Each structure stands twice: as C-alpha cells, then as structure tokens.
Chemist: 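Structure in structure tokens, see below.
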Amino acid sequence: MNAPYDGDRAQGTGGPAPSQGTAPGTPVPGQVPVPAPAPDRDPYVQDAYDYDPYRSQDLSAQDPVAEVLYDRSAHPPPPPGTYQEPGPLYAAPSAPSYAPDPRVWAQTPPPEPDGPSRHLPYGDHATTTQFVGVDALVTNAADEQPEPDAFAHLYRDQEAAPRTPAEDAPVAAPAPSKPAGRAASLLKSSALMAAGTIVSRITGFLRTLVIAGAIGVGTFNDTYQIANTLPTMIYVLVGGGALNAVFIPQLVRAMKNDSDGGQAYANRLLTLVVVLLAGITTICVLAAPVFITMMSPKIASDPQQMEVAVAFARYCLPTMFFMGVHVVLGQILNARGRFGAMMWTPVLNNIVVIATFGAFIWAFGGFTTSGVNATTVTAEGVRLLGLGTLLGLTVQALAMLPYLRDAGFKPRLRFDWRGHGLGKAARLAKWTFFFVLANQIGLVVVTQLATWAGSVAEGQGHPGTGITAYNYALLLWQMPQAIITVSVMTAVLPRISRSAHDGDAAAVRDDISYGLRTSAVAIVPCAFAFLALGVPMATLLYAGSGSGAQNIGYILMAFGLGLIPYSIQYVVLRGFYAYEDTRTPFYNTVIVAAVNAAVSALSFFVLPARWAVVGMAAAYGLGYAVGVGVAWRRLRTRLGGDLDGAHVMRTYARLTGACVPAAAVAGAAAYGVTQWLGSGVTGSAAALLVGGIALAAVFLIAAKRMRIEELNAMVGMVRGRLGR
C-alpha cells in the first residue's frame, strides 16, 4: 500500500491545536490550509521529491481509500514497464516500430521457420551460420582453441593455490579489436589479391606492349603466341584444372583432420606434381613439331615459319613444369589463408619478359623500323626471346619459397602416395581433365581458324587480325574478371567447401549469391565499357604496333558483353567444385566449347577474312551465355531449388539498365573526339578520357535512381575509407 497523502498529516480531532502565536503559514482549525509559497528554486535543477500538483494522476500514488476499494482481480494493473504515458489529444499517430520495445521485459521471440528461409537476415540459417573470416577459418582450421571463461576472475579468491603479487597485479586490457566478420574478412582477402592482380595485369599489359613493339602484331607474333600458348594448354590439360578446382577442398580437409595440419598431404601432392610434370615436359619438348602442326596447319605449311615456331616451342615448353610448381605452392598457401603470394609473384615474370623484349629492341630495333619476320629474324634473336620467356616462369616459381617458409611449411619430397587421399583426388580430377580437354579442343579449333584468317587478311593489307590480336584483346577483356571475380571467389571458395562439407546448402547459396552480386557491380559496367570504348583502348595501348591496333579494338568490342556470362559461369562452377562434383562442369564445358567452335567455324566461312576473328570473339561470349543457362538450372536443383535467383537477376537487370544509356553516351562522345583529333595516341587518349567520364557519370546517376543496393554499399565503403 502506498503512503498516505502528505496533506492529511497532522489533521483531525486527535491533532494538537496550534497556538495564536504561531508563525505565518501555520494551519488554523476550521480554515483551509494555505500552502506556503514555494521557495525560489533554480528552474534548471531537478528534484525528484519536488511538489507535484498532478501526482494524484500517477498510478503509483493512489488515494488510500480508493486503493483499498480497487478490485485488482477484476482490473489487474499493467505489467511493469508497459504503461503508456498520456500524450497530446490531437497528436499524430506514432509510426509503427519494427524493433522490440525496450520497455517490455523478456519479449518472446517469434518462432523461426525450419530450413532455408529468406526471412532470416541474409538468408542464413540461425543455427548453423557462423560469421567467421576466411583467413581465420583456413589458418586455424587444424587447431580449435577453447573459449576463455569470462567469469574466471570472480573466483580467484576461492582457488586453492595462492597467487603471487605479480599474478594479482592488474593486467592492462588489450585494445579492443575491430570485429572481423565474414564480409570484412572476405573483403580484406579480396582486396589483397585484387591489388596483386592489378599490378600483375598492369605489368602484363606492359609486357604485351613491349612484345608488340618488338615483333609487331602480325604473323611473326602469331608464331611466338602459338609457341608460348602451348605449355599453358598442356599444363592445364594435364593437371592445372585439377589443382585449381579439386585440391583446394582436399587441402582444407587435410589441414582440419590431419594431426600435422596437412603438411604431409601437401608434400605428397607437391611430389606428385613435380614427378608428373617433369616426365610430361620431356616428352612434349621432343614432340614440339607435332604440337605446332596440330595448333596451326597454316604455319606448318611454311618451312621458315615452322622452323621458328619449333625453336620457340622448345624454349617455352619447359615453362609448364614451373607453372605447375608455382600453382601447387600457391594453393598450399591459399589453404593456409595466405592469398597474396600467388597474385604478386607473376609480376616478377612480367618484369623478366619486359626486360627480355626490351633487350631485343635495343639489339635489333623496334618493329616499326626493323620489320622483323620469320624470314629475317636471327638465331640469336630467337634464343634471346626463348630463354627470357623460360627465365620469367622460373623466377616466378622460385619466388614462392620465402612465402612458404614464412607460413611454416617445409617442402619435402614424399613418395608414399598410397592410402593418403590422393587416389580420391585423382578420381575427382578425372572429370576435371575431361573438362579441360573439351575447353582446349575448342581453343585449338579457334587457334587454327584465327591463324589462317589472320594470314589471309595480312596478305590483303589488314594486319592484326589473327591469333595475336585475338589473344591481346582477350587478355584486356579478362582483366576485370581476374581482378574482381577471381579474387572474390578465391577467398570465398574455402568457405563454400566447408559449408558444403557440413551440408549447409543455405550457406553455399548465400556465398554464391554474394559472389555474383558483388562482382556484378564492376563486371557489368566493364562489359559495356569494352563495347563502347574498345577501339580507343586498343589504339592507345598498341599504338606502337602499327595499323593493326584498330583491328584489335574491333575484336575487343566483339568480346565486350560476353564478359557478363563469362563471369557468372566462373562463380556458378565453384558451387559444383565445393561439392566435389567435377562431372557436371565437364558436361557444361562441352556445351560451351561446342557452341564456341561451331559459331567460330561459321564466322570463318561466312565473314571476310578481316572480320572472321571478330565473329570468333563474339562466339566466345555466346558459348558462355548458353553454358550459364545449363549450369544455373543444375546448381539450383543441387541446392534444393533455391539459388537466390530473383535477387541476383534483379541486381544484374538494374545494372544493365543503368549501363545501356551510359554506353550509348560514352560511345558517341568517343567517336566525336576521334573524328576531331584522329585515332593516334593523342586522339585515342582524349576519346578514352571523355568517353570514360561520360560513361561513369551517366551510370552513377542512373544507378542511384534505380537504388542498386550493392553499388550503394560499395560507394559507402569507399567514402568510409576516404573519411567522408
């Protein structure tokens, strides 16, 4: 019961009567007591016990009589903390609150649905999702540490063993660390790899520029390109695809399950790769003429070109051994959360090749002055270029050793391959081999047709329309893919593999959706940029190679929009690899290669020789567009019929809608500048600058109107980093 009202005190018959000489303000019998005037108070000082004329309206200050007669069973009081304060009579209704009311104690949460649901944040499962960074996940996979007891310090005085004063001394608390969530860790790893890839790609472009300046972009460069492409094709066919797609999950599992943290398994894998590639490299060097004939019957029909091509091939083919060593060492580091080495060491290779072709220019002159070709090149020149190419890959592979030592890994040759999981990986790699085989067959067909068309077109006065132009445009076109998509998915792949191993389909779906939508913010604008600004890009970069630079620009424009399905295909296939399913990617690649080869052959026979390779570039993207449709449906079925398709398609549709007007404005602006200043270095640079600014401005305005959440998040992150 609450205390009586203060005004009732000292009143009634039992109270003593005041004397006549009382002080003013003393109550007199028979008179209504007049409250004494309140003393002057500071209006800014709050007093919890101050006089409150409206206190009678407070539920906690009821009248004693009324409180006794109050029927609490019929009219129970509201629970503590739920009483609504009276508001203004004509006030607008308050907005509905979507957050829990902080004044209500222990609200009962709504029941959570079973299975994957988009009603949960990010579509995650509440009982299985763990926001752990990839670096910590992979690095500490083998040694799980117990969580410290947060209340241990409360029971120190009850412990039996007495503590020394040094132990009882307060220890300074460590500085609070920034929470490393899943997105933050992925962005950190992706940023590190993207930085290395950007530098590698920039030096790679410098390499192609120096090569073009030394030997041009015509048929002689076609000869070098075929010889330099051969080791990459054979390496990827033999084991490169398996190393990239199959052995990462195996390395992660070995780190988690093996007592030595996967050291022995990694050394067995390294030994297997070294032995296998050493034998294959020896055979391929001896069979170099056969491979040149297979790659280009047109070059094999010319004895001088054939001799130079075989000489280049015998210098370049040993690079496949060092490719394999570099890749397996890089995957060992990736499985341990060290993503930067594999992206940064190719810079050394580019530097060595740039120095090699720079020395060729210094010794024999640039292509515009020397006009070097297969008939005029000397044996010393071929030897210089071949040895420099081999030295670049050698330095790239050996540069991985310091990173391994820093990661605590000691390379050792181990030949005990039986019974340690390599057989399972080999069975999985079987379908990866067929996958790469189908892809390489399509590439061989394109190489044969492109070299033939380029030779015919150069005879008609149109250089730069062969396989060299195709490869240079492809290298430039793949740069956004290598920087954005590959970097993001390389960091996400260990997490996807772990989720797939745990049977968490919702986490796999969300990571794939994250990879698609995050990469799309950069991939879609870049695809339209290639379509609108391909010609000024090529004429600016390859201005030193002569008139063939403009033809490279046309090929780059044809590649343009194919970048979108190419990037999507890469991300979707990572989902199959996470489930150790290599058969489905094989069938999908057969479809892509078949469409690419068929449309390329159609372009070769239908289009003029100058435009045949342009049609082949368009066929490349068309093949991946067909492959994406097939792979998407199969992965959606694998994940239980839910691949977050509506969310992903909405992102791509909005980005495309913002890019269409931006590309139109940029293309028109670039064309006007080239008509005014010409297509030389100055005109191409001005056209690229004006067109790029126009494309970026229109795209950002349109994207802001469309409220593309992924782009807004990226812009907000950039502003936060810049402190704005």
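From a predicted model like this one, the values you see are computed outputs, not experimental measurements. Excluded from the calculations below are hydrogen atoms, water molecules and symmetry mates; all remaining heavy atoms, backbone and side chain alike, are included.
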Chemist: Does any pair with a residue in residues 381-398 pass side-chain hydrogen bond (donor to acceptor under 3.5 Å, both in side chains), and if so which ones, sequence neighbours excluded?
Modeler: Y224-T389, H326-Q396, N349-Q396
Chemist: Quick check: Y624 with Y620 (ring centres under 6.0 Å apart)?
Modeler: yes
Chemist: Determine the minimum heavy-atom distance between L688 and P536, stating which atoms define it.
Modeler: N-CB, 4.3 Å
Chemist: Can you check whether V614 reaches L607 side chain to side chain, under 4.5 Å on heavy atoms?
Modeler: no
Chemist: Spell out, as yes or no, whether a donor-acceptor pair under 3.5 Å connects the side chain of T219 to the backbone of D222.
Modeler: no
Chemist: Does any part of the side chain of I234, heavy atoms only, come nearer than 4.5 Å to the side chain of F291, both counted from C-beta?
Modeler: yes
Chemist: Is F604 close to W452 at the side-chain level, that is, under 4.5 Å between some pair of heavy atoms?
Modeler: yes
Chemist: Rounded to the nearest 0.5 Å, what separation is found between the OG1 atom of T232 and the CE atom of M320?
Modeler: 8.5 Å
Chemist: W632 side chain to V572 main-chain N or O, any donor-acceptor pair under 3.5 Å?
Modeler: no
Chemist: Taking S684 for its side chain and V681 for its backbone only, find out whether a donor-acceptor pair lies under 3.5 Å.
Modeler: no
Chemist: Please name the pair of heavy atoms, one in G621 and one in P565, separated by the smallest distance, quoted to 0.1 Å.
Modeler: O-CG, 3.8 Å
Chemist: Regarding T468 and N471, do their side chains bring together a donor and an acceptor under 3.5 Å, going by distance alone?
Modeler: no
Chemist: Would you compute the distance between atom CD of Q225 and atom SG of C316 and round it to the nearest 0.5 angstrom?
Modeler: 10.0 Å
Chemist: Are P585 and F576 side-chain neighbours, meaning at least one heavy-atom pair lies under 4.5 Å?
Modeler: yes
Chemist: By side-chain hydrogen bond (donor to acceptor under 3.5 Å, both in side chains), which residues pair with T208, not counting sequence neighbours?
Modeler: Y542
Chemist: Which atom pair, heavy atoms only, marks the closest approach of A538 to A549?
Modeler: CB-O, 3.4 Å
Chemist: Taking T356 for the side chain and V352 for the main chain, is one N or O donor matched with an acceptor at less than 3.5 Å?
Modeler: yes
Chemist: Are any side-chain N or O atoms of R574 and backbone N or O atoms of Y570, one a donor and one an acceptor, separated by less than 3.5 Å?
Modeler: yes
Chemist: Could you tell me the separation between the CG atom of N373 and the CZ atom of F367, rounded to the nearest 0.5 Å?
Modeler: 8.0 Å
Chemist: Using modelled atom types only, decide if a donor and an acceptor are shared between the side chain of N551 and the backbone of A469 within a distance under 3.5 Å.
Modeler: no
Chemist: Locate the shortest heavy-atom distance separating A529 from M537; write the atom from each residue and the value.
Modeler: O-CE, 4.0 Å
Chemist: I'd like to know whether CD of Q478 has more than 12 heavy-atom contacts from other residues, nucleotides or ligands below 6.0 angstrom.
Modeler: yes
Chemist: Looking at G683 and L677, what are the two nearest heavy atoms and their distance?
Modeler: CA-CB, 3.8 Å
Chemist: Is the shortest side-chain heavy-atom distance between F357 and L385 below 4.5 Å?
Modeler: yes
Chemist: Within a reach of under 6.0 Å around CZ of F205, are more than 12 heavy atoms found that belong to other residues, nucleotides or ligands?
Modeler: yes
Chemist: Using modelled atom types only, decide if a donor and an acceptor are shared between the side chain of S455 and the backbone of T451 within a distance under 3.5 Å.
Modeler: no
Chemist: Compare all side-chain heavy atoms of F360 with those of I215 and state whether any distance is below 4.5 angstrom.
Modeler: yes
Chemist: Name all residues meeting the side-chain hydrogen bond (donor to acceptor under 3.5 Å, both in side chains) criterion together with Y315; count only those two or more places apart in sequence or in a different chain, and write none if there are none.
Modeler: none
Chemist: Less than 4.5 Å apart, side chain to side chain, heavy atoms only: is that true for L475 and M479?
Modeler: no
Chemist: Distance check, rounded to the nearest 0.5 Å: L317 atom CG versus F312 atom CZ?
Modeler: 13.0 Å
Chemist: Taking side-chain hydrogen bond (donor to acceptor under 3.5 Å, both in side chains) as the definition, give me every residue that meets it alongside T465, ordered by chain and number, with sequence neighbours left out.
Modeler: none
Chemist: Please examine the side chains of Q305 and K298, heavy atoms only from C-beta on, and report whether any two atoms are closer than 4.5 Å.
Modeler: no
Chemist: Using 0.5 Å steps for rounding, measure from the OG1 atom of T281 to the CZ atom of F321.
Modeler: 7.0 Å
Chemist: May I ask you to decide if G216's main-chain N or O and N221's side chain share a donor-acceptor pair within less than 3.5 Å?
Modeler: yes
Chemist: Taking side chain to side chain contact (heavy atoms under 4.5 Å, CB included) as the criterion, tell me which of V613, L449, T447 meets it with I467.
Modeler: T447
Chemist: Within the side chain of T369, is there an N or O that forms a donor-acceptor pair under 3.5 Å with the backbone of G366?
Modeler: yes
Chemist: For R207, what residues pass the side-chain hydrogen bond (donor to acceptor under 3.5 Å, both in side chains) criterion, not counting sequence neighbours?
Modeler: N350
Chemist: Could you give me the CA-CA distance, side-chain angles and deciding distance for S200 and W344, then say whether side chain to side chain contact (heavy atoms under 4.5 Å, CB included) is met?
Modeler: CA-CA 7 Å; S200 177; W344 283 92; over 6 Å; no
Chemist: Check the pair L476 / F530 against side chain to side chain contact (heavy atoms under 4.5 Å, CB included), numbers first and verdict last.
Modeler: CA-CA 9 Å; L476 180 59; F530 290 138; 4.3 Å; yes
Chemist: Check the pair F364 / V372 against side chain to side chain contact (heavy atoms under 4.5 Å, CB included), numbers first and verdict last.
Modeler: CA-CA 9 Å; F364 303 98; V372 64; over 6 Å; no
Chemist: Nearest 0.5 Å, please: how far is CG in L533 from CG in L540?
Modeler: 11.5 Å
Chemist: For M557, which residues count as a side-chain contact (heavy atoms from CB on, under 4.5 Å) partner, sequence neighbours excluded?
Modeler: V535, Y554
Chemist: Could you pull out the closest heavy-atom pair between A374 and V308, with the gap in Å?
Modeler: O-CG2, 3.7 Å
Chemist: Please evaluate residues T378 and V382 with respect to the criterion side chain to side chain contact (heavy atoms under 4.5 Å, CB included), reporting the C-alpha separation (whole Å), side-chain torsions for both, the decisive distance (0.1 Å), and the verdict.
Modeler: CA-CA 6 Å; T378 62; V382 174; over 6 Å; no
